[in-house]
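Report on the structure given below.
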Amino acid sequence: MEQRIGSSSQPLEGAGFDPAFIPGLTSPASERTEEDGPEKEPEVADAEETDAAAAEPEEAAEAAEAAKVPPSEQEEDTETDGPVFEASDRRAKMVADHRGVRLSLDDQDCEFRWDEIGAVETETARFGKRYTVTVHTPDRRWYPIEIEAPARSHFKEWDEQLDAVLDAYFETETTETEVAADAD
């Protein structure tokens, strides 16, 4: 009588069996070894294709030079006068202005334009000095950030400043949309 050691079936895939499973993503490619040899270059058939391939790096270099200035700096040049809310601590930072809301924690950043925001919620801790701002998007996702205030007295100031920004930019967007919908 023969005995099998191990299973001959393949491992199951899916969210029920792998907590890191995300539909649509493929598994990482395995690393190449020296035994695999160098990757083969595609062969060029015509001289015209060679000329076009030589021109592409020049165009890419020009595009890279134009892209050296980040879009955020380009937009800062056309800054409008209006309320700005800015709060930060040693790790977290939040800025709300005419462009939208930007959150950053350590080395992670995210930016929301006003048309991408469904709601902005603030919350203060009962004890302690943590001020929590949560940005809600229309697709039912939320992005909270906690900022430690120097003192609890800053909570009221921050709420007033954030309300001024939301009234100036967030409400303006929704009322313009409502006015356009009423006109139709």
Side-chain angles (χ1 to χ4, degrees), residues 14-29 60-183:
F17 300 99
D18 182 9
F21 177 76
I22 299 174
L25 291 182
T26 59
S27 62
E62 291 173 7
E65 288 177 20
K68 283 184 181 177
V69 178
S72 60
E73 290 180 13
Q74 292 173 352
E75 290 177 11
E76 287 177 8
D77 296 339
T78 61
E79 204 168 307
T80 61
D81 292 331
V84 176
F85 171 72
E86 193 167 334
S88 63
D89 65 5
R90 59 186 170 77
R91 293 183 61 205
K93 181 178 181 180
M94 179 195 172
V95 178
D97 58 9
H98 69 281
R99 293 187 322 208
V101 177
R102 290 176 301 288
L103 308 174
S104 62
L105 180 65
D106 295 331
D107 62 341
Q108 302 296 315
D109 297 299
C110 62
E111 184 171 344
F112 303 96
R113 295 184 320 263
W114 288 112
D115 61 342
E116 297 175 325
I117 298 173
V120 177
E121 176 185 20
T122 62
E123 184 179 356
T124 57
R126 184 173 177 184
F127 302 106
K129 300 182 284 186
R130 292 193 186 265
Y131 184 75
T132 304
V133 179
T134 306
V135 176
H136 296 270
T137 60
D139 59 350
R140 295 185 180 172
R141 294 184 184 261
W142 60 93
Y143 301 88
I145 190 164
E146 289 185 342
I147 301 170
E148 191 168 332
R152 289 187 60 87
S153 62
H154 286 273
F155 293 160
K156 186 175 180 181
E157 296 171 23
W158 285 354
D159 275 335
E160 291 172 357
Q161 291 174 357
L162 184 58
D163 284 343
V165 171
L166 293 174
D167 289 343
Y169 303 115
F170 185 66
E171 295 299 325
T172 304
E173 296 290 326
T174 56
T175 56
E176 289 175 4
T177 307
E178 291 170 2
V179 169
D182 292 339

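How far OH of Y143 is from CG of L105: 14.5 Å, rounded to the nearest 0.5 Å. Between the NE2 atom in H154 and the CD atom in Q161 there is a gap of 10.0 Å [rounded to 0.5 Å]. The structure places CZ of F170 at 11.0 Å from CG of L162, a figure rounded to the nearest 0.5 Å. Remark: R130 CZ to E146 CD distance equals 5.0 Å, nearest 0.5 Å. In this structure, the separation between CD on E111 and OG on S104 is 11.0 Å, given to the nearest 0.5 Å. Note that CZ of F155 is 14.0 Å distant from CD of E160, once rounded to the nearest 0.5 Å.
The shortest distance between side-chain heavy atoms of W158 and I147 falls below 4.5 Å. Using a 4.5 Å heavy-atom cutoff, the side chains of T132 and T124 are not in contact. By the 4.5 Å heavy-atom criterion applied to side chains, H136 and E121 are counted as neighbours. Between C110 and F112, the closest side-chain pair of non-hydrogen atoms falls below 4.5 Å. Two residues are said to be in side-chain contact when any heavy atoms from C-beta on lie closer than 4.5 Å; T134 and V120 fail this criterion. Using a 4.5 Å heavy-atom threshold, the side chains of V101 and W114 count as touching. Between W142 and T137, every side-chain heavy-atom pair lies at or beyond the 4.5 Å cut-off.
Of all heavy-atom pairs between A164 and P83, the closest is O-CG, 3.7 Å.
Annotation: salt bridge (charged side-chain N to carboxylate O under 4.0 Å, His left out) contacts of D106 (sequence neighbours excluded): R91. Checked against side chain to side chain donor-acceptor pair (under 3.5 Å), D159 has the following partners two or more places apart in sequence or in another chain: T122, Y131.
The main-chain N or O of A96 is never found under 3.5 Å from a side-chain atom of R102 such that the two would form a donor-acceptor pair.
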Discussion item. Salt bridge (charged side-chain N to carboxylate O under 4.0 Å, His left out), that's the test. Do D109 and K93 meet it? Break it down for me.
Written reply: CA-CA 9 Å; D109 297 299; K93 181 178 181 180; over 6 Å; no
